[in-house]
Amino acid sequence: MEQVIFYILAFVAIVSSLFMITRNSPVHSALWMLLTFFAVAGIFVQLDAEFVAAIQVLVYAGAILVLYLFVVMLLNPKSHGFIKVPFRYVIGVVASIIIVFQVLMTLKSSEVIGKLGWVTPQLAQELGNVKMFGKELFTTYLVPFEIASILLLIAMIGAIVLAKKD
Amino acid sequence: MTLQHYLALSAIIFGIGMTGVLVRRNLIVMFMSLELMLNAVNINLAAFSKYLHAMNGQVFIVFVMAVAAAEAAVGLALIITLFKNKETINADEVNFFKG
């Protein structure tokens, strides 16, 4: 059952991302990207990361995608924007295929080694994902968390300054 | 399900996103492909976090999402400014620095 769900989600994610990069209209691309985000959220649920799956739907599908759609509809660009030179097409596609192939070959002959962390299955059963997530975020990663908030503030100021300039 | 399944899926999605950045010239779609690549990295982090019984992977996903949100906000503001000045969002037609 778990495998069937994984393969369905993986199929949806790959096909929708392929559609995303091949559609002419940016609006269609954005909508296919929405489907990809939902499939990836499903994969997060399968990986016992329920909180991250919820954030994925809220932040990516809810906020970032709406931002993209706003900009697409605001600008209404005419060019569909594929590259004109066929030679560069071939180079781009072949380079990506080579890199993916390389990663897959490495995966085939590799094994994960490393010290296991503190999240034992019993503890996960007892505390739940969100509680463990909060514990890690607000103890070990407290300083990066604060820095992330400053980053978002600076991005907000920067976006306002750039968009307001005449 | 083994870890390799998830890593292979994330490699394929990353490759598709890379193809999008290389092949498309529409700046908005190129940005969307960047988001796709960040998503592939997130799958990697979640998979390692599960199979190594650790929580740091999931925390890092949230940081990646914060950076992606900041990048989308600033990048789209740049695209709007570019469109105001040049009337185009095609990456090949943006050649301010060409002599």
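Just so it is clear: chains get the letters A, B, ... in the order the sequence lines come, proteins before strands, and each one is counted from 1.
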For B:M32 and A:A30, the nearest pair of non-hydrogen atoms, with its separation, is CE-CB, 3.6 Å
Do B:R25 and A:R88 have side chains that approach each other closer than 4.5 Å (heavy atoms only, starting at C-beta)? yes
With a 4.5 angstrom heavy-atom cut-off, could you sort out which part of B:L36 is near chain A: side chain, backbone, both or neither? side chain
Per-residue contact mode, B:V21 against chain A (heavy atom under 4.5 angstrom): neither
Count the heavy-atom pairs under 4.5 Å between each of A:Y7, A:F133, A:F44 and chain B, then report the option with the highest count. A:F133
For the pair B:K50 (side chain) and A:A49 (backbone), establish whether a donor and an acceptor sit closer than 3.5 Å, ignoring hydrogens and angles. no
Under a 4.5 Å heavy-atom cutoff, which of B:I43, B:T2, B:I79 has the most pairs with chain A? B:I43
Heavy-atom distances under 4.5 Å only: say whether B:A68 touches chain A with side chain, backbone, both or neither. both
pair B:Q58-A:F51: side-chain heavy atoms closer than 4.5 Å: no
Are B:I80 and A:L74 close enough that some pair of their side-chain heavy atoms sits under 4.5 Å apart? yes
Which atoms of B:L9 come close to chain A, meaning under 4.5 Å heavy atom to heavy atom: side chain ones, backbone ones, both, or neither? side chain
Applying a strict 4.5 Å limit to non-hydrogen atoms, the region of B:I16 in contact with chain A is both
By ring pair (Phe, Tyr, Trp, His ring centres under 6.0 Å) - contacts of A:F101 (at least two apart): none
Is B:M55 close to A:T140 at the side-chain level, that is, under 4.5 Å between some pair of heavy atoms? no
B:A69 and A:L152: which non-hydrogen atoms are nearest, and at how many Å? CB-CD2, 4.5 Å
So the side chain to side chain donor-acceptor pair (under 3.5 Å) pairs with at least one residue in residues 49-67 of chain A (sequence neighbours excluded) are A:Q56-B:N39
Under 4.5 Å between any side-chain heavy atoms of A:I21 and B:V23, yes or no? no
What closest approach, in Å, do B:Y6 and A:Q46 show between heavy atoms, and which atom pair accounts for it? OH-OE1, 3.3 Å
So, the part of B:L3 with a heavy atom under 4.5 Å from chain A: the answer is side chain
Hey, are the side chains of B:N56 and A:Y141 touching, using non-hydrogen atoms and a 4.5 Å cut-off? yes
Where does the angle between the aromatic ring planes of A:Y68 and B:F31 fall among parallel (under 30°), tilted (30 to 60°) and perpendicular (over 60°)? tilted
Can you say whether B:V62 sits under 4.5 Å from chain A via the side chain, the backbone, both, or neither, judging by heavy atoms? side chain
Cut-off 4.5 Å, heavy atoms of chain B, and the answer for A:V52 is both
Heavy-atom pair with the smallest gap, counting every atom of A:V100 and B:G15: CG2-CA, 3.5 Å
